[in-house]
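Everything on this sheet refers to the single structure shown next.
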Amino acid sequence: MKKVLHISTECYPAAKAGGMGDVVGALPIYLPQFGVEASVILPKYANKWFTQHKFKTLQKGKFQLGEETIKYEIQLLQNEDLGYPFYCVDIPGKFDRESIYLADDGHGYPDEVERNIAFQTAICEWLTKGKQQFDGLHCHDHMTGLTTFFIKYCPAYKKLANTPTFFTIHNGQYRGIFDWKKVNLFPDFNRKFDGMLDWDGSINSLATSIKCAWQVNTVSPSYMEELSENFDTLTSLIQQEKAKTSGILNGIDPELWNPAADKYLDQHLEKNKWAAFKSYHKNALLKRYGLKSRRPLVGFIGRMAHQKGANVLAEAIGKSLGNKQSVSFIILGSGDKMIEENITRLAKKYPRSVAAIIAYNEGLSRQIYAGCDFLIMPSRFEPCGLNQLYSMRYGTVPVVSSVGGLKDTVPDISVGGNGIAFPQAETQYVTQAIERCVDLYKDKNKFIALRDKIVSLDYSWNQSAQAYATMYNG
Ligand code: ADP
């Protein structure tokens with residue numbers, strides 16, 4: 001069997017900030033049936049999951065990070081079977097923090113660059129000096145993508161130079177751009193290849209990974225197409241590298257996301273009685289948040305970021321409720337303070353129609369998937385989007401802007417599709433989409449037929465895992 005190591009900063013259940021964590025936690029479970037044995041390596045954070053688990057040290061070592069001597073340990077998870085070997089890199093002072101990316105002030109850690117370089121250097125040291133060998137290295141987003149450069153151009157890691165590398169873009173907006181002054185933090189490399197690191201005069205981790213990896217994929221076909229048309233400063237790069245690019249749609253783990261057994265739900269789907277399941281959870285939400293009943297309940301779950309269109313949603317909700325639309329909303333998310341305030345203000349203005357929960361809460365997210373009639377995703381761009389897949393699995397009709405993975409998974413009901421689709425994240429389109437939710441909800445037969453259809457769709461990992469296995473073999 002081919003052995004592939006996933007190098008990532010997130011992996012559910014150890015550490016997750018978004019969809020990438022779900023993907024890295026699930027894909028390895030589905031690969032062995034296609035002849036690939038996958039392992040995962042993560043930084044060792046000081047969160048609850050890591051402190052509750054036991055690890056065995058496999059290797060200890062040190063290296064220079066500029067002036068600083070970094071001590072690290074490679075450890076292997078002992079007391080839980082995730083379905084694949086799970087390694088972590090313990091680097092005291094760098095990763096022993098509770099949050100994955102964000103400092104207390106809500107901004108990224110100021111030493112993000114140092115941390116990412118240290119993590120990747122430790123992995124290269126281990127792979128060069130340790131016993132474990134892999135037939136492929138799979139890096140996820142810019143935080144781990146410099147590994148593709150290190151193994152190619154650092155003499156110390158020459159042994160790894162011919163190991164195939166795979167790079168997945170989960171979100172091309174984040175690029176890991178930093179000043180050339182920080183190049184002294186890198187392990188020694190052949191300076192003839194400075195050009196591989198550079199984009200527009202800075203070190204650009206994302207561009208470097210696209211240049212150096214053997215294969216590059218996005219998490220949906222449409223997102224790769226969109227990037228090749230407009231990836232702002234990187235459009236020409238992605239066009240140049242087209243031959244090695246592809247789009248592989250994410251899957252979901254139907255065991256972890258299972259309305260018949262979800263550990264976060266106090267009532268499960270029984271014998272496919274969807275009406276009973278949905279109304280139990282809807283009523284629970286309405287009661288808990290004091291929302292009006294006998295009208296559709298529309299949910300939103302996600303980062304309060306420009307990408308997710310949460311500000312457009314706030315405007316559209318204001319318009320819809322101002323026009324006396326009979327609809328309620330439940331919004332769960334956190335992020336941009338201005339967007340959080342806009343949403344909170346709406347909930348104060350319309351307390352019986354809008355519930356706003358500014359938090360990251362896995363349990364509540366499951367209850368929202370279970371209890372809503374619709375889940376709205378007015379994303380400006382969406383590399384894949386998992387929420388629409390989870391919502392369909394829980395019998396909730398997705399309402400999406402037709403971009404990236406949303407376009408690939410939610411064609412509009414008018415063309416025999418799976419939900420309500422609108423062209424883009426603009427207030428007028430989102431307001432119209434909300435109107436369509438109200439109309440569809442009134443047409444009970446049509447609404448229930450659509451629900452019956454979406455709960456039977458298969459978005460499990462099998463297909464995508466096969467596509468990744470093909471990529472590793474390519
Ligand atoms: P992202 O761009 O954030 O990675 P995805 O749609 O790919 O978006 O994945 C989002 C994942 O994070 C889903 O599992 C979703 O349920 C979860 N999620 C996002 N925000 C929250 C939140 N506030 N509370 C709980 N889960 C959340």
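Remember, it's 1-based here, ligands and their atoms both numbered in the order they're listed. As the structure is a prediction and not an experimental result, all values here were calculated from the model.
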In a table with atom names and distances, give each donor-acceptor pair under 3.5 Å that connects a side chain of residues 433-441 to protein atoms at least two apart or in another chain.
{"residue": "Arg436", "atom": "NH1", "partner": "Asp412", "partner atom": "OD1", "Å": "2.9"}
{"residue": "Arg436", "atom": "NH2", "partner": "Asp412", "partner atom": "OD1", "Å": "3.3"}
{"residue": "Arg436", "atom": "NH2", "partner": "Asp412", "partner atom": "OD2", "Å": "3.0"}
{"residue": "Tyr441", "atom": "OH", "partner": "Lys282", "partner atom": "NZ", "Å": "3.0"}

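Within the 6.0 Å centre-distance limit, the rings of Tyr472 and His138 are counted as a close aromatic pair.
For the pair Arg303 and Tyr101, the NZ or CZ position fails the cation-pi test of under 6.0 Å to the six-membered ring centre and within 45 degrees of the ring normal.
Note on residues 371-392: pairs passing ring-ring contact (aromatic ring centres under 6.0 Å, His included), not counting sequence neighbours, are Trp257-Tyr390, Tyr369-Tyr390, Phe374-Phe447. Pairs passing the salt bridge (charged side-chain N to carboxylate O under 4.0 Å, His left out) check and including a residue from residues 244-259, sequence neighbours excluded, read Glu241-Lys244.
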Check each N or O atom of ligand 1 against all protein N or O atoms and list the pairs under 3.5 Å, with atom names and distances to 0.1 Å, one per line.
{"residue": "ligand 1", "atom": "2 (O)", "partner": "Arg303", "partner atom": "NH2", "Å": "2.8"}
{"residue": "ligand 1", "atom": "2 (O)", "partner": "Lys308", "partner atom": "NZ", "Å": "2.9"}
{"residue": "ligand 1", "atom": "3 (O)", "partner": "Arg303", "partner atom": "NE", "Å": "2.9"}
{"residue": "ligand 1", "atom": "4 (O)", "partner": "Gly19", "partner atom": "N", "Å": "2.6"}
{"residue": "ligand 1", "atom": "6 (O)", "partner": "Leu386", "partner atom": "N", "Å": "2.9"}
{"residue": "ligand 1", "atom": "6 (O)", "partner": "Asn387", "partner atom": "OD1", "Å": "3.1"}
{"residue": "ligand 1", "atom": "8 (O)", "partner": "Lys308", "partner atom": "NZ", "Å": "3.1"}
{"residue": "ligand 1", "atom": "9 (O)", "partner": "Gly19", "partner atom": "N", "Å": "3.2"}
{"residue": "ligand 1", "atom": "14 (O)", "partner": "Lys16", "partner atom": "NZ", "Å": "3.0"}
{"residue": "ligand 1", "atom": "14 (O)", "partner": "Asp22", "partner atom": "OD2", "Å": "3.0"}
{"residue": "ligand 1", "atom": "16 (O)", "partner": "Tyr369", "partner atom": "OH", "Å": "2.8"}
{"residue": "ligand 1", "atom": "23 (N)", "partner": "Ala359", "partner atom": "O", "Å": "2.8"}
{"residue": "ligand 1", "atom": "24 (N)", "partner": "Asn361", "partner atom": "N", "Å": "2.9"}

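Between Pro85 and Leu76, the shortest heavy-atom distance links the atoms CB-CD1, 4.4 Å.
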